Structure formats: structure tokens, C-alpha cells
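Read the structure below first, then the notes.
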Amino acid sequence: QVQLVESGGGLVQPGGSSRLSCAASRGIFSMYAMGWFRQAPGLEREFVAAITRSGGLSYSADSVKGRFTISRDNAKNTVYLQMNSLKPEDTAVYYCAAKYGDGWYRRTYEYDYWGRGTQVTVSV
């Protein structure tokens with residue numbers, strides 16, 4: 001079983017940047033497709049970005065396309081989410097998720113393991 005721990009959240013000003021990290025342990029990281037999701041208060045958890053096992057292919061939600069980039073370093077067992085041009089509506093708890101196998105996935109039920117999340121607040 002994979003354990004996932006997110007880090008890098010915090011308070012960011014509108015227009016600013018932040019990078020989230022998700023460290024995986026207790027599994028063969030390169031065997032898992034990875035994804036980032038977020039959940040704002042009162043709303044459902046929504047897809048942000050996903051990446052294949054090798055990192056060769058990635059996909060982002062329309063709401064973050066051109067601003068957020070997902071990447072991974074299999075040697076470090078870590079997946080990243082680089083967030084630029086942040087907006088107040090990006091405020092949410094951000095979760096990383098792992099799915100055994102390859103491809104990219106945008107639905108929560110497709111993922112096997114989840115981290116506990118990290119808060120990102122975009123505000124002046």
C-alpha cells in the first residue's frame with residue numbers, strides 16, 4: 001500500500017505562485033499513475049491534474065490549464081503541482097492520489113490511495 005503525504009500549501013497572494021509536493025512511500029512509485037484534486041468548503045472534490053507513470057503524458061482541468069503544471073520525479077518518489085497566476089477561487093484543500101497502473105484519470109473513484117491534503121489559500 002502506498003502512503004502519500006502532501007506539503008507546500010499555505011497562504012499565497014493573488015497572482016502568486018506555489019509548488020505542492022506529494023511524497024510517496026511503501027510502494028513502487030513508478031507503478032502508479034498520479035493525480036491532484038482539490039476541495040473547497042461546501043463543494044465536491046474536483047480534478048485538477050493527472051500524470052502517467054513515466055511522466056510522459058499529463059492532463060489538466062480547463063480551470064487550471066495554462067496556470068498549473070503537474071510533474072513527477074520517480075527517483076524521488078514525488079509528484080509536484082506547480083501553480084502559477086493563482087486566483088482566490090483556487091483556494092481549497094489539495095489532495096494527491098495514486099492509481100496502480102498506467103494512464104491518466106480524472107475521477108475520484110478511479111484512484112486507489114489518497115493523501116490527507118494540504119490547504120492552499122489565495123488571498124491578499
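Everything numeric here is computed off the predicted structure, so don't read it as measured data.
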message: I'd like to check Asn77 versus Ser25 (side-chain heavy atoms, cut-off strictly below 4.5 Å). Are they in contact?
response: no

Spacing of CZ belonging to Arg26 relative to CD belonging to Gln1, to within rounding of 0.5 Å: 7.0 Å

message: Is there a continuous path of hydrophobic side-chain contacts, each under 4.5 Å between heavy atoms, that joins Phe47 to Val93?
response: yes

message: Show the nearest heavy-atom pair for residues Cys22 and Leu4, with the distance to one decimal.
response: SG-CB, 3.8 Å

field: Short side-chain donor-acceptor distance under 3.5 Å, Ser17 and Asn84
entry: yes

message: Quick one, Asp90 with Lys87, criterion salt bridge (Lys or Arg N to Asp or Glu O under 4.0 Å). Give me CA distance, side-chain angles, the key distance, then yes/no.
response: CA-CA 5 Å; Asp90 294 318; Lys87 305 174 182 180; over 6 Å; no

- prompt: How about Val79 and Ile70: do any of their side-chain heavy atoms sit closer than 4.5 Å?
  reply: yes

- prompt: Donor-acceptor pair, Trp36 side chain versus Tyr80 backbone, under 3.5 Å?
  reply: yes

- request: Would you give the length of the straight line joining atom CZ of Arg107 to atom CD of Glu46, rounded to the nearest 0.5 angstrom?
  value: 14.5 Å

- request: Return the minimal non-hydrogen interatomic distance between Ser18 and Gly8, and the atom names on each side.
  value: OG-O, 3.3 Å

- request: Return yes when atom CD1 of Ile28 has more than 12 non-hydrogen atoms of other residues, nucleotides or ligands closer than 6.0 Å, and no otherwise.
  value: no

message: So does Ser7 get a backbone contact from the side chain of Ser21, meaning a donor-acceptor N/O pair under 3.5 Å?
response: no

query: Is the side chain of Asn74 donor-acceptor paired with the backbone N or O of Ser30 at a distance under 3.5 Å, no angle test?
result: no

query: Looking at Tyr105, Tyr94, Tyr109, Tyr111, which hits ring-ring contact (aromatic ring centres under 6.0 Å, His included) with Phe37?
result: Tyr111

- prompt: Does the cation-pi check pass for Arg72 over Phe29, that is, NZ or CZ under 6.0 Å from the six-membered ring centre and within 45° of its axis?
  reply: yes

Contact summary for Ala33 and Gly103, nearest pair of heavy atoms: CB-O, 3.3 Å

message: With a 4.5 Å cut-off on side-chain heavy atoms, are Leu86 and Phe68 touching?
response: yes

query: Is Thr78 reaching over with its side chain to a backbone N or O of Lys76, donor-acceptor style, under 3.5 angstrom?
result: yes

Axial cation check for Tyr95 ring with Arg45, 6.0 Å and 45° limits: yes

- prompt: Are Tyr100 and Tyr32 close enough that their ring centers fall under 6.0 Å?
  reply: yes

message: Looking at Glu6 and Cys96, would you say the former's side chain and the latter's main chain have a donor-acceptor pair under 3.5 Å?
response: yes

field: Heavy-atom check, side chain of Arg67 versus side chain of Met83, under 4.5 Å
entry: no

Common cluster, Val2/Val5, ILVMFWY with side-chain heavy-atom separation under 4.5 Å: no

message: Does the Lys NZ or Arg CZ of Arg53 fall within the cation-pi geometry relative to Trp104 - under 6.0 Å from the ring centre and within 45° of the axis?
response: no

- request: Verify the cluster assignment for Tyr59 and Leu57: are they in a single hydrophobic cluster under the rule of side-chain heavy atoms below 4.5 Å apart?
  value: no

- request: Using the side-chain contact (heavy atoms from CB on, under 4.5 Å) rule, pick out the option among Leu20, Thr118, Leu81, Val64 that qualifies with Arg38.
  value: Val64

task: Could you check if a side-chain atom of Thr52 sits within less than 4.5 angstrom of a side-chain atom of Met34, using non-hydrogen atoms only?
output: no

